Amino acid sequence: MTTPTNVDGEPTDETASVRERYDVEMAVRIEERWQSAWDEADVYRTPNPGDADFDPNRPKFYCLDMFPYPSGAGLHVGHPEGYTATDILCRYKRMRGFNVLHPMGFDAFGLPAEQYAVQTGVHPRETTQEAMDNFRRQLKRFGFSYDWSREFATIDPEYYRWTQWIWLRAYGSWFDPRVDAARPIAELEAGLAAGEVVPTDDDDEPLDWSAMDAAAQRRYVDGCRLAYLGEQTVNWCPKLGTVLANEEVIDGRSERGGHPVMRKPLRQWMFRITAYAQRLLDDLDLIRWPESTRIMQREWIGRSDGALVRFEVEGGSGTLDVFTTRPDTLFGATYMVVAPEHPLVDEIVAESGADPAIEAYVTAARNRADVDRMADSKDKTGVFTGRHAVNPATGERIPIWTADYVLMGYGTGAIMAVPAHDQRDFEFARAFDLPIRQVVADAVGDAGACDDWNEAMTGGGVAVASANEAVSLDGLATDAAKATMIDWLSATGRGRRRVNFKLRDWLFSRQRYWGEPFPIVFDDAGNHHPVSDAALPVRLPDLEDYEPIEADEPTPPLGKAAEWVRTTAGEAGVDPSVLPPDTPVRREINTMPGWAGSCWYYLRYCDPGNDSRFASREAERYWMLSDRGEDSTPTVSGETSFDASRHHVGGVDLYVGGAEHAVLHLLYARFWHKILFDLGEVSTPEPVGRLFHQGMITSFAFKRRDGSLVPVDEVRETDDGAAVEIATGEPVERIVAKMSKSLRNVINPDDVIAEYGADTFRLYEMAMGPLDASKPWNTRDIVGVHRFLQRAWRLAVDETTGELRLREDADPDVERALHRTIAKVGDDVERLAFNTAIAAMIEFVNTATGVGVTADQLDRFNRILGPFVPHFAEEIAARLHPGATGGRSVVLAEWPAFDPAMLKDDSIEVPVQVLGKVRSRITVPADADAAALEAAALADERIRELVAGKTIRKVVVVPGKLVNVVAN
RNA sequence: GCCGGAGUGGCGGAAUUGGCAGACGCGACGGAUUCAAAAUCCGUUUCCCGCAAGGGAGUGUGGGUUCGAGUCCCACCUUCGGUACCA
């Protein structure tokens with residue numbers, strides 16, 4: 001193919017003459033040589049504060065890659081994209097004198113590994129270990145400058161010990177709204193006992209603490225924990241044998257595997273992430289993250305401002321609360337709807353004489369898989385419950401319906417329906433012939449008949465027909481009408497202002513084997529007790545039968561470890577002050593979800609060997625706390641010794657990974673971090689100060705005329721660039737698609753390295769285009785960057801002798817070009833624009849080719865090349881400084897300086913436009929002022945011809961850039 | 001539907017702040033070298049008209065602002081992500 005190879009058989013003069021050529025054999029030899037040399041010299045080990053070789057005078061830079069989930073398939077080309085980018089930046093930062101923390105490890109608990117193990121019948125411990133070994137081998141082959149001494153996997157007991165420890169901190173804390181932060185649960189108990197904290201019920205009504213018995217008090221405190229046991233309707237996936245978080249369910253199917261998911265009430269460990277909703281929202285403004293990701297998190301948290309309105313229900317149960325963002329439309333509420341799961345519905349169904357149609361509808365709605373519920377979301381269904389409520393504004397009797405377009409999980413699970421001003425209510429009212437009453441108009445007196453409307457009027461306007469004896473909204477603009485209505489509701493006890501969030505508490509239990517055990521046990525009364533910190537980790541028992549139990553009832557596989565489950569408080573490590581050691585207990589048999597380990601791994605890297613804390617305070621503080629420059633001072637939530645005027649809110653200086661984690665992982669990690677911050681365990685309110693998403697690497701595929709896709713190996717590309725399907729001879733169109741097995745367009749990194757070497761691979765992925773853009777892999781283009789390395793090699797090395805080819809005296813043009821290149825590459829690396837940095841280096845080599853460079857010039861150029869192609873540059877460095885020890889390594893070198901004066905030319909060529917079109921060019925001194933430029937432009941012969949006989953209206957001069965003559 | 005990103009030569013892409021559109025690479029074409037080929041080096045390569053000098057058009061489409069728009073504004077089309085009855 002395009003790879004240069006030596007001729008087989010008898011060596012000829014020709015083959016001998018290119019023995020020192022940079023081809024794949026040479027690349028591989030160089031790469032292996034330097035990788036083992038770096039390994040031996042341990043050059044990438046990063047000292048921590050306190051280490052003998054730690055230099056506290058250097059600034060720090062913590063650069064993190066999203067650690068991989070080691071699948072059996074090995075690394076795909078998307079992994080090294082982000083990893084190469086951070087590697088270049090880290091190498092650059094080291095050369096600029098930073099202490100750089102750049103770690104790597106593995107996220108190894110979780111469903112995919114376990115599913116794979118179940119399929120193959122090999123224990124997940126083994127498959128995971130194998131996959132990690134393979135990933136590590138592949139990663140090392142790229143020559144990334146990770147400090148491998150910091151490597152760990154989330155399945156290491158010494159790691160998940162601290163995952164459990166952090167969970168215990170959440171278990172042992174509550175969220176105090178008075179300080180808007182987490183506090184130890186002991187402070188809640190003390191506050192309750194002293195009467196400083198008043199307990200409240202579900203409706204925020206105060207309770208009498210002293211009147212509660214011990215069990216009730218315990219229940220109350222347990223209900224306040226940040227990690228708590230909650231009865232929830234969960235997503236149960238019988239096929240996977242586990243419950244799933246809402247985020248893991250897509251269109252009613254499991255994200256992994258696409259299996260159907262059912263709704264089922266279950267008692268499970270939850271995280272009170274909702275307590276942090278506002279802070280998670282607010283602090284998004286303080287971090288340098290992609291706007292798209294911050295928007296997605298904002299939408300996920302989903303704050304909406306409105307009111308809680310209380311409706312009297314006729315007969316029986318008293319009241320029905322609804323949440324609405326449009327309290328100004330209360331006069332237009334002509335009916336109510338409750339979710340099929342709403343308690344009021346249960347009550348009605350239980351009554352004798354209830355319409356059997358109600359129960360039929362509710363049963364059907366509840367059992368309906370979410371898939372179906374989505375599918376016909378267009379058609380509204382529902383049934384009248386037979387009950388009525390009273391509209392508190394109009395005093396009218398309005399019917400209460402139940403319908404599945406109202407969701408139990410949001411707000412109160414009940415709504416007031418205002419069909420004139422809400423599209424969903426409008427459609428429902430039309431379907432069931434319910435009254436529609438307009439209460440908002442474009443202008444006063446503008447109200448017309450809404451009978452002939454095709455859709456609801458959902459925007460703002462002026463309130464109309466909205467008055468009773470006590471309050472009138474008529475004539476008020478929507479915002480004012482909302483405020484007036486809320487005031488009236490509050491004053492009369494009919495409602496109040498209310499902020500509601502879409503975000504729900506995080507379901508944290510899984511009925512699977514391959515995850516972290518919870519450090520908690522239950523006594524015979526069913527009360528839970530924590531395992532003491534000193535007894536951690538609670539090790540995952542080594543089950544031989546780890547298969548999930550496919551059943552309609554959740555049955556965690558850990559239940560099979562009977563001896564492990566049934567134990568005593570003392571055996572389990574419960575503190576004797578909590579439970580006497582001989583108390584029989586059973587362990588929690590659910591495990592934590594795959595997200596757990598990735599919620600805090602960036603903290604462990606700060607000090608991965610520490611066995612007395614998740615990381616020493618000193619190490620955590622050094623790597624996570626960043627001084628800010630002259631930036632504006634942000635406000636920071638929570639109670640803290642953190643100094644917002646001095647420090648950035650985020651710890652990790654740069655975190656690079658795919659946008660697919662924009663919400664889940666990145667929101668969970670922020671939440672855990674904030675708990676730890678509130679408890680004084682970490683130094684910053686946010687885990688990550690700057691986030692960057694690398695784009696997806698796609699591939700080419702082909703499309704038939706009918707739109708169907710054709711695998712790449714069933715297509716032949718013709719010389720004129722067209723493509724035909726081999727089987728039919730029909731022309732097909734080349735398109736960009738995700739890499740997939742079915743299209744057979746998946747690129748294996750090992751193959752590419754075997755053909756070109758790791759340096760070429762690295763360089764190609766960085767040259768493809770902007771780091772954050774999705775871009776297609778084009779095998780044909782790789783040769784371009786490989787040829788660049790060959791030219792660069794040839795610039796430095798004589799291919800026949802292997803001797804360096806160096807000039808004695810520097811060529812001034814080459815010297816100037818070198819300064820420009822150093823400046824441009826440094827600038828581009830800082831802003832992660834590696835593609836243009838590479839273009840600049842190619843230009844330099846093209847400029848210098850045929851002219852030659854001095855040893856000093858080669859040395860400087862080689863140093864800017866180093867971060868991109870470290871093996872290549874190390875080889876050149878070694879040849880430039882033969883016999884030199886360590887100190888001349890390109891890894892440890894300083895980034896070369898440039899002289900700003902060398903970036904400017906003495907004279908420049910400036911385009912001259914007439915009416916915005918370039919008509920001529922003039923050569924002027926670089927510092928020519930506007931007057932000189934104008935004079936030179938107007939003196940230009942071609943310009944004089946063109947403006948002859950015309951009036952010069954204006955001359956626009958941009959010094960150094962252009963001249964535009966406006967003449968007509 | 002809603003939110004966000006992107007549409008530039010045959011292809012990947014460049015143009016950092018409103019100032020020379022197409023850097024750099026691939027491919028293609030031509031030349032040098034070679035017995036020949038590979039490799040390498042040099043050159044051409046947005047499109048149209050023209051022998052040339054030169055002229056015209058041109059950054060998804062249509063409008064606008066400006067001396068000047070790939071870049072800013074309005075409307076729309078295509079495409080890729082995200083999201084989906086959230087009251």
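As the structure is a computational prediction, the values presented were derived from the model and not from experiment. To find a chain, count down the sequence lines: A is the first, B the second, and so on, and within it residues start at 1.
Not a single side chain to side chain contact (heavy atoms under 4.5 Å, CB included) links A:Ala431 to another residue, sequence neighbours left out.
Rounding to the nearest 0.5 Å gives a distance of 11.5 Å between CD of A:Gln694 and OG of A:Ser774. Summarising the geometry, atom CG belonging to A:Leu503 is positioned 13.0 Å from atom CZ belonging to A:Arg303; distances are rounded to the nearest 0.5 Å. Taken to the nearest 0.5 Å, the NE2 atom of A:His661 stands 11.5 Å off from the CG atom of A:Leu691.
Of the P atoms belonging to B:C11 and B:G64, the separation is 30 Å, rounded to the nearest Å. B:U17 and B:C29 have their C1' atoms separated by 40 Å, given to the nearest Å. Nucleotides B:U59 and B:G22 have their C1' atoms positioned 9 Å apart, rounded to a whole Å. Across B:G30 and B:A21, the matching P atoms stand 31 Å from one another, rounded to whole Å. B:G68 and B:A57 have their P atoms separated by 15 Å, with the value rounded to a whole Å. A gap of 42 Å separates the P atoms of B:G70 and B:A87, to the nearest Å. Rounded to whole Å, the C1' atom of B:G7 lies 16 Å from the corresponding atom of B:A14. For the C1' atom pair drawn from B:G10 and B:G27, the interatomic distance equals 8 Å after rounding to whole Å.
Nucleotide B:U83: paired with B:G1 (Watson-Crick or G-U wobble, both distances less than 3.5 Å). Shown here, B:C76 forms a base pair with B:G60; the pair counts as Watson-Crick or G-U wobble because both key distances fall under 3.5 Å. Judged by Watson-Crick or G-U wobble contacts below 3.5 Å, the nucleotide B:C29 has B:G43 as its partner. Pair check for B:A23 finds none; no Watson-Crick or G-U wobble contact set falls under 3.5 Å.
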Heavy atoms under 4.0 Å is the rule here; annotate nucleotides 18-24 of chain B 5' to 3' with B where the base is hit, S where only the sugar-phosphate is, and - elsewhere. -BB--BS
Heavy atoms under 4.0 Å is the rule here; annotate nucleotides 55-63 of chain B 5' to 3' with B where the base is hit, S where only the sugar-phosphate is, and - elsewhere. SSS------
Does the pair A:Asp828 and A:Thr836 meet the rule for a side chain to side chain donor-acceptor pair (under 3.5 Å), with working shown? CA-CA 7 Å; A:Asp828 283 353; A:Thr836 49; 2.9 Å; yes
Applying side chain to side chain donor-acceptor pair (under 3.5 Å) to A:Thr779 and A:Tyr764, what does each step give before you reach the verdict? CA-CA 10 Å; A:Thr779 301; A:Tyr764 172 64; over 6 Å; no
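Under a cut-off of 6.0 angstrom, the local environment of CD in A:Glu941 is sparse, with at most 12 non-hydrogen atoms contributed by other residues, nucleotides or ligands.
Centroid-to-centroid, the aromatic rings of A:Tyr405 and A:Phe428 come within less than 6.0 Å. Ring pair A:Phe692/A:Trp289: centre-to-centre distance not below 6.0 Å.
Here the P atom of nucleotide B:C26 and the CZ atom of A:Phe700 are 15 Å apart, to the nearest Å. Regarding A:Leu320, its CG atom lies at a distance of 18 Å from the P atom of B:A87, rounded to whole Å. Straight-line distance from the NE2 atom of A:His693 to the P atom of B:G81: 16 Å, rounded to whole Å. We find that CD of A:Glu427 is positioned 15 Å from P of B:G1, with the value rounded to whole Å. Rounded to an integer number of Å, the gap from CG of A:Asp772 to C1' of B:G4 is 13 Å. For the pair A:Glu20 CD and B:U40 P, the interatomic distance rounds to 18 Å; values are reported in whole Å. To the nearest angstrom, P of B:A39 lies 12 Å from NE2 of A:His786. In this structure, CZ of A:Arg787 is placed 8 Å from P of B:A39, rounded to the nearest angstrom.
Among the nucleotides B:A15, B:G81, B:U40, the one closest to the side chain of A:Arg831 is B:A15. The side chain of A:Pro776 lies closest to B:G13 when the candidates are B:C26, B:G13, B:C3. Distance from the side chain of A:Met296 is smallest to B:G82 among B:C67, B:A87, B:G82. Picking from B:C41, B:C85, B:A87 the nucleotide with the shortest atom distance to the side chain of A:Arg794 gives B:C41. The side chain of A:Arg734 has B:C11 as its nearest neighbour among B:G13, B:C11, B:A39. Of the candidates B:G13, B:A87, B:C26, the closest approach to any side-chain atom of A:Pro770 belongs to B:G13.
Checking A:Thr324 against A:Lys824, the closest nucleotide of RNA chain B that is more toward the 5' end is the one next to A:Lys824. Summary of the strand contacts: A:Ala659 and A:Ala773 both lie near RNA chain B, and taking for each the nucleotide with the nearest heavy atom, the more 5' one is attributed to A:Ala773.
As judged by a 4.0 angstrom heavy-atom cut-off over every strand, A:Ile415 is placed among the base-contacting residues. Among the atoms of the strands shown, only primed sugar atoms or phosphate atoms (P, OP1, OP2) are found under 4.0 Å from some heavy atom of A:Glu299. Heavy atoms of A:Thr698 sit nowhere under 4.0 angstrom from any nucleic acid atom.
In this model, the phosphate group of B:G81 is not approached by any side-chain N or O of A:Ser774 to a distance below 4.0 Å at OP1 or OP2. Proximity of A:Arg298 to the phosphate of B:C3: no side-chain N or O atom is located under 4.0 Å from OP1 or OP2. Regarding contacts with the backbone of B:G12, every side-chain N or O of A:Lys775 stays at 4.0 angstrom or more from both OP1 and OP2.
Shown here, B:G9 is classed syn by the O4'-C1'-N9-C4 or O4'-C1'-N1-C2 angle, which is within 90° of 0.
Looking at A:Thr412 and A:Asp321, their side chains never bring a donor and an acceptor atom within 3.5 Å of each other. With hydrogens and angles left out, the side-chain atoms of A:Thr760 and A:His786 include a donor and acceptor closer than 3.5 Å. Side chains of A:Asp505 and A:Thr274: a donor on one and an acceptor on the other come within 3.5 Å. When only modelled atom types and interatomic distance are considered, A:Thr402 and A:His342 share no side-chain donor-acceptor pair under 3.5 Å.
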